[in-house]
Amino acid sequence: MGDLSAEGRTRVRALSLYLVGTIVLALTAVGGYALVVGFDRVRPAPVEAVAVVGERELLVRYLGGVPGCGDPHRVEVAEDADEVVVSAFTVARRATREGFSCPDVGVPMLQTVRLGEALGDRDVRDGARPGVDVEVVAGVEDLLTD
């Protein structure tokens with residue numbers, strides 16, 4: 001700043017203060033929104049069992065929560081020659097707001113996913129719990145009665 005005139009240095013300082021003030025104001029607004037309105041929170045959910053319902057489809061049973069606290073979000077599938085990894089996710093709506101709490105109640109959720117190839121004799125694993133095998137049941141009835 002040694003090459004700048006006094007007026008130039010004053011302008012640089014003013015611009016710096018304006019920039020810092022804008023950043024602080026934006027962070028305050030985001031923090032206030034998070035506490036008052038709240039952002040959604042997505043979490044992995046344990047996969048309990050799957051049933052083969054078509055040549056290349058699985059019906060996945062996983063554990064969610066009560067409405068607003070563990071709504072179905074998505075189920076992802078990663079396949080290779082030896083195994084199929086099923087990862088389920090739930091979302092708590094507006095979970096960051098102040099005073100938000102959820103009862104510790106697990107609610108079974110069902111969702112169908114399509115595989116790239118038939119399951120065959122590949123193992124099914126839970127993406128939320130690495131190394132945990134998922135039970136493959138004979139039919140949809142068995143999945144619903146467990």
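In what follows, residues are counted from 1 in the order of the sequence shown. Quick note: numbers below take in every heavy atom, side chains included, and nothing from hydrogens, waters or symmetry partners.
The cluster map of Ile, Leu, Val, Met, Phe, Trp and Tyr, joined by side-chain heavy atoms under 4.5 Å apart, puts Leu27 and Leu35 in different clusters.
Taking a 4.5 Å side-chain heavy-atom cut-off between Ile, Leu, Val, Met, Phe, Trp and Tyr, the cluster of Val20 extends to Val24. Other members of the cluster containing Phe39 are Val30, Tyr33, Val36, Val37, with ILVMFWY side chains joined at under 4.5 Å, either directly or via other members.
When the shell of 6.0 Å around CG of Asp104 is examined, it contains 12 or fewer heavy atoms from other residues, nucleotides or ligands. Residue Arg94 qualifies as open at atom CZ: its count of foreign heavy atoms under 6.0 Å is 12 or below.
Val137 places none of its side-chain heavy atoms less than 4.5 Å from the side chain of Arg61. Residues Leu63 and Glu48 are in side-chain contact: their nearest non-hydrogen atoms beyond the backbone lie under 4.5 Å apart. The shortest distance between side-chain heavy atoms of Leu4 and Val12 falls below 4.5 Å. Leu144 places a side-chain heavy atom less than 4.5 Å from the side chain of Leu110.
Residue pairs meeting the ring-ring contact (aromatic ring centres under 6.0 Å, His included) criterion with at least one partner in residues 71-116, sequence neighbours excluded, are absent. Applying the side-chain hydrogen bond (donor to acceptor under 3.5 Å, both in side chains) test to every pair with at least one member in residues 83-92, sequence neighbours left out, gives these pairs: Glu83-Arg125. Listed by first then second residue, pairs satisfying salt bridge (charged side-chain N to carboxylate O under 4.0 Å, His left out) with a partner in residues 108-118 read Glu57-Arg114, not counting sequence neighbours.
For Leu119, the side chain to side chain contact (heavy atoms under 4.5 Å, CB included) test picks out Val52, Leu58, Val84, Leu115, Arg122, Val124, Val136, with sequence neighbours left out. With sequence neighbours excluded, no residue forms a salt bridge (Lys or Arg N to Asp or Glu O under 4.0 Å) with Arg41. Considering only residues two or more places apart in sequence or on other chains, Leu17 meets the side chain to side chain contact (heavy atoms under 4.5 Å, CB included) condition with none of them. Here Arg11 pairs with Glu7 under the salt bridge (Lys or Arg N to Asp or Glu O under 4.0 Å) rule; sequence neighbours left out. In this view, Arg129 and Asp126 satisfy the side-chain hydrogen bond (donor to acceptor under 3.5 Å, both in side chains) rule, not counting sequence neighbours. Listed by chain and number, the residues in a side chain to side chain contact (heavy atoms under 4.5 Å, CB included) with Pro103 are Val66, Cys69, Val105 (sequence neighbours excluded). Legend: residues meeting side-chain hydrogen bond (donor to acceptor under 3.5 Å, both in side chains) with Arg93, ordered by chain and number and at least two apart, are Asp40.
Of all heavy-atom pairs spanning Leu143 and Ala49, the tightest one is CD1-CB, 3.6 Å. Of all heavy-atom pairs spanning Tyr62 and Val75, the tightest one is CE2-CG2, 3.8 Å. Listed here is the closest heavy atom pair of Gly38 and Thr96: CA-OG1, 3.3 Å. When all heavy atoms are compared, the tightest approach of Ala128 to Ala45 is CB-O, 3.6 Å.
Annotation: the span from Ile23 atom CD1 to Tyr18 atom OH amounts to 11.0 Å, rounded to 0.5 Å. Considering OG1 of Thr10 and CG of Leu15, their distance stands at 12.5 Å, rounded to 0.5 Å.
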**Study point:** Leu59 and Val50: CA distance, side-chain angles, deciding distance, side chain to side chain contact (heavy atoms under 4.5 Å, CB included) verdict
**Key:** CA-CA 5 Å; Leu59 181 60; Val50 298; over 6 Å; no

